[in-house]
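Chain letters run A, B, ... following the sequence lines, proteins first, then strands; residues in each count from 1. These figures come from a predicted structure and were not determined experimentally.
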Amino acid sequence: MAGTEIVELAKRRGFFFGSNGAYGGTAGFYTFGPQGAALKRNVEDAWRDRFTVAEGNQEIEAPNIMPEAVFEASGHLDGFDDMLVECGECGESHRADHLVEGATSIEDAEALPGSEVELLIRDHGIACPSCGTPLAGQDVEDFNLMFATDIGPGDSQPGYLRPETAQGIFVEFPRLKEYARGRLPFGVTQVGAAYRNEISPRGGLLRLREFTQAELEQFIHPEDDEPPLWKVADVEVLLYPADEQEAEDGDYVETTVGEAVDEGVVGSPWVGYYLGVAQEWYERVGVDMDRFRFRQHLPGERAHYAADCWDAESEVDGDWIEIAGFSYRADYDLSKHGEYGDDAFTVFQRYDEPKTVERATVDPDMATLGPEFGGRAAAVAEALEDLAARDPDAFEADAVSVEVDGETVTVDADVANFSVEEVTENGEHVTPHVVEPSFGVGRTVQTLLAHAYRVDEVDGEERSYLSLEPALAPTDAAVFPLVTNEETLVETARSVANDLREQGLSVAYDDSGSIGRRYRRQDEVGTPFCVTVDRDGLEGDGPDTVTVRERDTAAQVRVPVDGLADALAPLLAGEDSFESFLDAYETVDSGVETQ
RNA sequence: GCACCGUUGGUCCAGUGGUAGGACAUUAGCUUCCCAAGCUAAUAGCCCGGGUUCAAUUCCCGGACGGUGCACCA
């Protein structure tokens, strides 16, 4: 199984491993070793290049801990709760809200308090689905997936570690829109850790309690803004829509982004646009596109905020794993924060031409309403305003009636001070909609390792190597003296390594063991180029040369030391391939066969 | 959270009621002008707690961690 080999390689070579081993380990937490941290950082940088810089977006960095109020508004305090009930007989745990929904006509049992759910379980005689024992009398326990903490000492306020980086962007929207000078559309990105106290972390990097997300929140005008779909219209994608998943003989849909949007397979052009951008990005960073698809969420699968959602999935070790989600979150988040928070989570959109509209208004005489209705006066005034907007004609009568707290209240029309005014509207306050491409960085790293892992034969010996894209590889180049019994070679190799480092390359130096062993070490961590200093390169009339060996083919060319970093730069950036080295330089016949 | 299985050098494994052995890797030296070669030496391990026992890495109980299944899962 490739999976176990990758896990073994990851531990042995320093990509990732379970954290806190000295204390028995902690489930759900992984540490990235030197290779893994470098690879992960390169993934993040590549993501930034594409989703922040190339899209003209802004990146922010918000705190990991946020106060309770944020998550009351976002819905995570309720929506992230699982109601569990444990069977007293067989010990099996079940989702209490799901059981209630199955046995009653209640559709959203999750919104009910636990005590009520306990009563419903008793009254409807709901039994354990596993063993049939009635569950009456069992406690319904809330399990919230958020890590709770206290902010400050003493009478501190409750806080939570963010379950997604997105909220850090949403809560700062009132300020972020200022930085965007109030113009839609604009996008804000964030790369950082998110935390979920998973019931059962599994599968290495796949489900962790602390993980890294790279998220883009694209804020758009709900009607007016169109994505630059033409940029990715021809990008070919493999889609797995919800209806195909539910069909008996469901199949993939091979299409282009443009067609998928035209035909409504992907409902939102914005989601379609980012599927296209993501497809190209994944391909560029080295995901095997034969093991990649976009799968639409089934209706019951969607998060509490998502109107439509597609996942990017990659096949790792025979399983499809979710590596990114593309949600159309509509105005859910901003509306919620607008409702719960103090600031304006809207953008003022100026009309092309100011509009003159007639607006019915009231200016209730509070000196009359106050004595008459006491504490309810304000509510009466508000009801009158609502009525004016809804049904101006009502004010033509001598008296108007409105409902306040379920009671009908009648006031003189005079008191309402009804009038119709002509007002000039220069624009309107719009709550933007949000399109959210959200990437799992660790899962992307895992995918890259799984898809880059190769086994072949070099010179009749089996070798394993990581065929990572040079731009993503943890190390740019390794430098060796061919042999160590000649001081000149060692010294030169050290100085070549230093020179390359000074010019910004990430370089490994190794003079231990045979040359073949050193090549294999680098192959195994995916270093794309090995630079070897040999006697042939230092002797002779011309300038000093070294050999440069390409990882996947083990092919070698002889390259002048002078300007080596510049020569390697386009290859490391992924802008050129080793082919051009083979053309430009003398090849070295090492007599090595790869297959 | 439940069930089953597992946990022995850095990695992968063998083994035992009297504190352990291999392979690979690593380090040092010799050798070596291009692909895990060879020779010599060195470093390094029984997941944690409790129990039974003269003695526990081994048996029992509990826990942690991992794998698989169930459940759950933006």
Side-chain angles (χ1 to χ4, degrees), chain A residues 1 3-5 7-14 17-29 74-76 79-80 82-87 90-95 98 129-131 141 143 145-146 162-167 194 196-204 206-207 211 213 215 297 301-306 309 311 322 324-327 329 436 438 440 457-465 480-486 489 512-524 530 532-539 547 549 551 554 556 588-594:
Chain A
M1 292 270 267
T4 56
E5 282 158 11
V7 168
E8 190 264 324
L9 173 73
K11 271 194 280 195
R12 192 161 42 80
R13 289 299 189 190
F17 49 89
S19 300
N20 308 310
Y23 294 91
T26 318
F29 296 90
S74 72
H76 284 97
F80 241 50
D82 284 342
M83 272 189 230
L84 296 179
V85 60
E86 192 177 325
C87 174
C90 70
E92 200 77 20
S93 279
H94 303 280
R95 283 285 293 268
H98 289 179
S130 306
C131 69
E141 288 183 34
F143 182 80
L145 275 325
M146 285 195 294
R162 59 185 182 192
E164 56 173 3
T165 59
Q167 294 307 322
R196 292 176 197 178
N197 202 1
E198 296 287 353
I199 296 170
S200 128
R202 283 283 165 89
L206 293 187
R207 197 189 305 164
F211 57 102
Q213 291 185 312
E215 295 195 301
H297 275 202
E301 194 179 356
R302 289 198 291 264
H304 58 273
Y305 50 71
C309 189
D311 283 344
E322 176 191 346
F326 301 81
S327 303
R329 294 175 78 135
E436 179 194 78
S438 169
E457 269 187 19
V458 173
D459 220 24
E461 294 280 350
E462 185 177 290
R463 70 156 178 171
S464 58
Y465 65 105
F480 316 133
L482 181 58
V483 289
T484 52
N485 58 357
E486 205 161 319
L489 296 186
S512 165
S514 72
I515 188 68
R517 181 181 296 266
R518 285 175 267 160
Y519 285 143
R520 301 305 166 82
R521 283 185 188 131
Q522 296 303 322
D523 289 343
E524 213 169 31
C530 287
T532 305
V533 177
D534 64 349
R535 196 190 300 144
D536 293 349
L538 302 184
E539 291 169 349
T547 64
R549 167 192 182 268
R551 175 194 58 211
Q556 285 183 301
V588 178
D589 183 14
S590 56
V592 170
E593 300 265 330
T594 55

Roughly how many Å apart are [M] and [N], using the [atom1] atom of each and rounding to a whole number?
{"N": "B/G9", "M": "B/C46", "atom1": "C1'", "value": "10 Å"}
{"N": "B/U27", "M": "B/G62", "atom1": "P", "value": "44 Å"}
{"N": "B/G66", "M": "B/C47", "atom1": "C1'", "value": "11 Å"}
{"N": "B/A23", "M": "B/C39", "atom1": "P", "value": "11 Å"}
{"N": "B/C35", "M": "B/A42", "atom1": "P", "value": "31 Å"}
{"N": "B/C30", "M": "B/G17", "atom1": "C1'", "value": "45 Å"}
{"N": "B/U43", "M": "B/A25", "atom1": "C1'", "value": "12 Å"}
{"N": "B/C2", "M": "B/G22", "atom1": "P", "value": "41 Å"}

From [options], nucleotide with atom closest to [X] side chain:
{"X": "A/Val483", "options": "B/U11, B/U32, B/U27", "value": "B/U32"}
{"X": "A/Lys11", "options": "B/U27, B/U11, B/A36", "value": "B/U11"}
{"X": "A/Asp459", "options": "B/C12, B/C35, B/C34", "value": "B/C35"}
{"X": "A/Arg13", "options": "B/A36, B/A28, B/G66", "value": "B/A36"}
{"X": "A/Arg517", "options": "B/C72, B/C35, B/A36", "value": "B/A36"}

Is A/Arg329 salt-bridged to A/Glu215, cutoff N-O under 4.0 Å?
-> no
Does a side-chain N-to-carboxylate-O contact under 4.0 Å join A/Arg12 and A/Glu524?
-> yes
Relative to the 5' end of RNA chain B, which residue comes earlier, A/Ser464 or A/Glu215, by the nucleotide with the nearest heavy atom?
-> A/Ser464
Any donor-acceptor pair under 3.5 Å between the side chain of [X] and the base of [N]?
{"X": "A/Arg463", "N": "B/C35", "result": "no"}
{"X": "A/Thr484", "N": "B/U32", "result": "yes"}
{"X": "A/Gln556", "N": "B/C34", "result": "yes"}

According to the Watson-Crick and G-U wobble definitions, with both distances under 3.5 Å, which nucleotide is paired to B/U11?
-> B/A23
Is the NZ or CZ atom of A/Arg551 positioned over A/Tyr465's six-membered ring, under 6.0 angstrom from the centre and within 45° of the axis?
-> no
